[in-house]
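What follows is a set of notes on a single structure, which appears directly below.
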Amino acid sequence: MAFIDANGQKLFYNQKGQGPAVILVHGFPLDGRMWDAQVEGLSGRYRVIAPDLRGFGQSGRTQPFSLEDLADDLHGLAEKLGALPLVLGGLSMGGYIALAYVTRYAADLKALMLIDTKAEADTTEAKSDRMKMIETCRAGGAKAIADALLPKLVAQSSGAHVVARAREIMEYCPPATIENALLAMRDRRDYRCELPSIAVPTLVMAGREDALTGPSTAEAMLRELRHGQLAIIPDAGHLSPMEQPEKVNQEIRAFLGEVG
Ligand code: MLT
């Protein structure tokens, strides 16, 4: 675990293992700790890097940003760590950022993993929900955001320890970062038109019980990909890597084994 200055940001990251570099990008409003089980479980064969995005976790606080800024941070981090070309995986918001990365740094990608995420932009209704979430955050801080989100994120069958860990990470998120991220997600572009031109192997994964970006969303992305493959994780919701770490690690290992 260490800090690095990349793209003008002080970023914290967890890194373990040797071999091909795999960078895992967390969802909202989480941080790199959501990937602890992947860092442990995959580092026998891969160099696994799980950063805290700017403003999140232990990374430096920041002004408003776009998802493209966050993709630039990841590229800066990977360059500084000598981790290019890389396999990039992202969960939900992390998936949006991975798609932003594709549009800017396709030549530096070996493979892509889009986990519990989607390619389309926010609808008008979703944009207005972002503003309501900002009000919720201003009134009740990160705890109120965790209260609002957690019931939608985790499958019924997932243990209380998963909910407790996700809550702990979410409540650590600074309210200013929650606002910045909500605005960045609200203003993100539609990445669907990029999917057919993705030239690298792409794993699309979703928890079977993901209430936000479930199997049908994953299948819709898969149809647009030239080199896509699908993994549906049973007994998991939107936080599948935390809910079913071993099943997710098995799918990632199988995918990366094929990618070589
Ligand atoms: C996430 O898990 O990162 C969020 O559900 C993404 C979003 O709010 O669109």
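This one's a predicted model, so the numbers in the text were calculated from it and none came from an experiment. Values below: all heavy atoms of this structure, side chains included; hydrogens, waters and symmetry mates excluded. Start at 1 and go down the list; that is how both ligands and their atoms are numbered.
For the atom pair CD1 of Ile233 and CD of Gln250, the computed distance is 8.5 Å after rounding to the nearest 0.5 Å.
Near Met185, meaning under 4.0 Å from one of its heavy atoms, ligand 1 places the atoms 6 (C), 7 (C), 8 (O), 9 (O). Residue Gly27 has at least one heavy-atom neighbour below 4.0 Å for each of these atoms of ligand 1: 3 (O). The distance from ligand 1 to the heavy atoms of Phe28 drops below 4.0 Å at these ligand atoms: 1 (C), 2 (O), 3 (O).
Under 4.0 angstrom from ligand 1, there are no non-hydrogen atoms of Arg188.
Checking Asp116 against Thr213 by side-chain atom types alone, no donor-acceptor pair falls below 3.5 Å. If you check the side chains of Asp210 and His238, you find a donor sitting under 3.5 Å from an acceptor.
In terms of protein heavy-atom proximity, atom 6 (C) of ligand 1 is closest to Ser92 OG, 3.1 Å. Of all protein heavy atoms, the one closest to atom 9 (O) of ligand 1 is Tyr96 OH, 2.5 Å. The closest protein non-hydrogen atom to atom 8 (O) of ligand 1 is Arg130 NH1, 2.8 Å.
What you find for Phe12 and Met1 is that their closest heavy atoms are CZ-CB, 3.7 Å.
Taking distance alone, with nitrogen or oxygen atoms compared against 3.5 Å, Met93 approaches ligand 1 more closely than that limit. Between His238 and ligand 1, a contact under 3.5 Å exists for at least one N or O pair.
Legend: ring pair (Phe, Tyr, Trp, His ring centres under 6.0 Å) pairs involving residues 90-143, not counting sequence neighbours, sorted by first then second residue: His75-Tyr101, His75-Tyr105, Tyr101-Tyr105.
For Ser43 (side chain) and Gly17 (main-chain N/O), no donor-acceptor pair under 3.5 Å exists by modelled atom type. At least one donor-acceptor pair under 3.5 Å links the side chain of Glu243 to the backbone N or O of Leu239.
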